[in-house]
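Order of the sequence lines sets the chain letters (A, B, ...), proteins ahead of strands, with each chain counted from 1.
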Number of protein chains: 2
Amino acid sequence: MSENVGRWLRDEIENSILSNEFSPGERLDEMVLATRFGVSRTPVREALMQLDAIGLIEIRPRRGAIVIDPGPHRVYEMFEVMAELEGLAGSLAARRLDKASREAITATHSRCEQSAAAGDSDAYYYDNEEFHKAIYAAGRSEFLEEQCVQLHRRLRPYRRLQLRVRNRLSTSFSEHCAIVDAIFAGNGDEARRLLRTHVGIQGERFSDLVASMAAR
Amino acid sequence: MSENVGRWLRDEIENSILSNEFSPGERLDEMVLATRFGVSRTPVREALMQLDAIGLIEIRPRRGAIVIDPGPHRVYEMFEVMAELEGLAGSLAARRLDKASREAITATHSRCEQSAAAGDSDAYYYDNEEFHKAIYAAGRSEFLEEQCVQLHRRLRPYRRLQLRVRNRLSTSFSEHCAIVDAIFAGNGDEARRLLRTHVGIQGERFSDLVASMAAR
DNA sequence: GTCAATGATCGTGTATACAAGAAGCGCTTT
DNA sequence: AAAGCGCTTCTTGTATACACGATCATTGAC
């Protein structure tokens, strides 16, 4: 538990939303949350205000808070922006790569390789996250890194759905290989291009996403 | 005044920060703000929590809130990300341009022309903002538009400093012309490239920024 | 039978009260 | 005189109380 209850609650509720424990459209009752976490309404409200500011929930005056439902189209738009930011991170990483970052990328990359070879999509899901974070960090732009991590978090539930698609694991990993090569070769433009297509959702992958979102 | 005091206060304090009325590093006393705006501490705290979530201030537990000082390097990073997002917006605008967006861009663009011709940097500052917003909107990606507007807001004080640099007005406007041409020609890649360099801070413009920030 | 209006109830918005921690100041001691 | 320790005071963190608005149900009229 963090040093102040409000921040702890924010993380707690945020996780509950991102792990789909609170579904989109669901109403978040302040009193229910307060008793559930054993605190008063005050820190609950503070947590909700923050989540509203971040854009995870919407507080309608005098009508309570509801979890925002992005909808397939908006999720697509978020992936589109994510692709752009990752592309930038990749190009910066290729330019600014140092020893520590190189080792971090190599390490997470080989962990992805193992998970992919084992066909363990849960493990790959986690390792993939670490791999991408290693690239953000290698870009050496704190602000960009924060933006990437934040958006990455918000897209987490949808990325999980995507990995279930047939052959996605091996496809994803071979794309990683090319990305690593480009970054290590110092080829920023190529790294940018590869990451954009790797992260973006084009063609049939969009209908896959829509289908899996509708299935819930 | 908005329907709820907390949100109103958030906007009010946010504006005060962005217009440099509260300087970076300054401590925001809850009680002072409360009496200043004639409300109790509760809505003030809610506003501060939101600003903390957005990243404009930092609330250190039991030690109060301070306005975050990005520092020149971080501001540079923010411009870098802004350039990338604007580039994406421009390329989307070129692809998806419709009649209404085309007219909006034309209208704001010609207003920029007038301000630039008049040498009125305050008017240009405002018209420029509208011009860029017209491009965001033309991209037809709600999420991207929101991200752009938000980052644009945060960079506002620094952009203002930049316009003071000699000849920046006419340079900026001629860049606008090329951007408009590319978008209207449906040339997404060119629009992206031009916007990236237009928004980004390269070479001597970075030292200009640092110098003007240090001057305050 | 259906629609509208009014009242009751529930939940949010704001204020205030109380508790706990941090910073500053003064006193004492070396 | 300087440094360290302790106390006081001020500010933040959380709880609770109260007020206002919204929603829902019930009743009456058409």
*Using whole Å, report how far CG of B:D29 lies from P of D:dG13.*
12 Å
*D:dT12 P sits how many Å from B:L28 CG, rounded?*
10 Å
*Among C:dT16, D:dG13, C:dT12, the nucleotide that comes nearest once only the side chain of B:S40 is considered*: C:dT16
_Atom-to-atom span, CD of B:E30 to P of C:dA15 - whole angstrom_ = 14 Å
*Where the side chain of A:T42 is defined as all heavy atoms beyond and including C-beta, which of C:dA15, D:dA15, C:dT14 is the nearest nucleotide?*
D:dA15
*Distance, rounded to the nearest Å, where A:N4 contributes CG and D:dT12 contributes C1'*: 10 Å
*Gap between atoms CZ and C1', on B:R27 and D:dC10 respectively (whole Å)*: 9 Å
*So which one's nearest nucleotide on DNA chain D is more toward 5', A:P43 or A:P61?*
A:P43
*Only one of B:R156, B:R153, B:R154 forms a salt bridge (Lys or Arg N to Asp or Glu O under 4.0 Å) with B:E14, so which one is it?*
B:R153
*asked:* Distance criterion of 3.5 Å, no angle test: do you see the side chain of B:R7 paired donor-to-acceptor with the base of C:dG13?
replied: no
*cation_pi(A:R160, A:Y125) dist<6.0 Å, angle<=45*: yes
*What is the distance, rounded to the nearest whole Å, between atom CZ of A:R41 and atom P of D:dA17?*
12 Å
*Could B:R196 and B:E86 be called an ion pair, given the rule that one side-chain N must be under 4.0 Å from one carboxylate O?*
no
*Counting heavy atoms from C-beta on, name the nucleotide in C:dA15, D:dG21, D:dT14 closest to the side chain of A:R62.*
D:dG21
_Check A:R74 with A:E80, please: is the shortest side-chain N to carboxylate O separation under 4.0 Å?_
no
*So, B:R63 and B:E30, do they make that salt bridge, N to O below 4.0 Å?*
no
*Scan A:R63 against the nucleic acid and name what it touches under 4.0 Å (heavy atoms): base, sugar-phosphate only, or nothing.*
sugar-phosphate
*Atom CH2 of A:W8 to atom P of D:dG13: distance rounded to whole Å?*
17 Å
*Gap between atoms CD1 and P, on A:I66 and C:dG11 respectively (whole Å)*: 17 Å
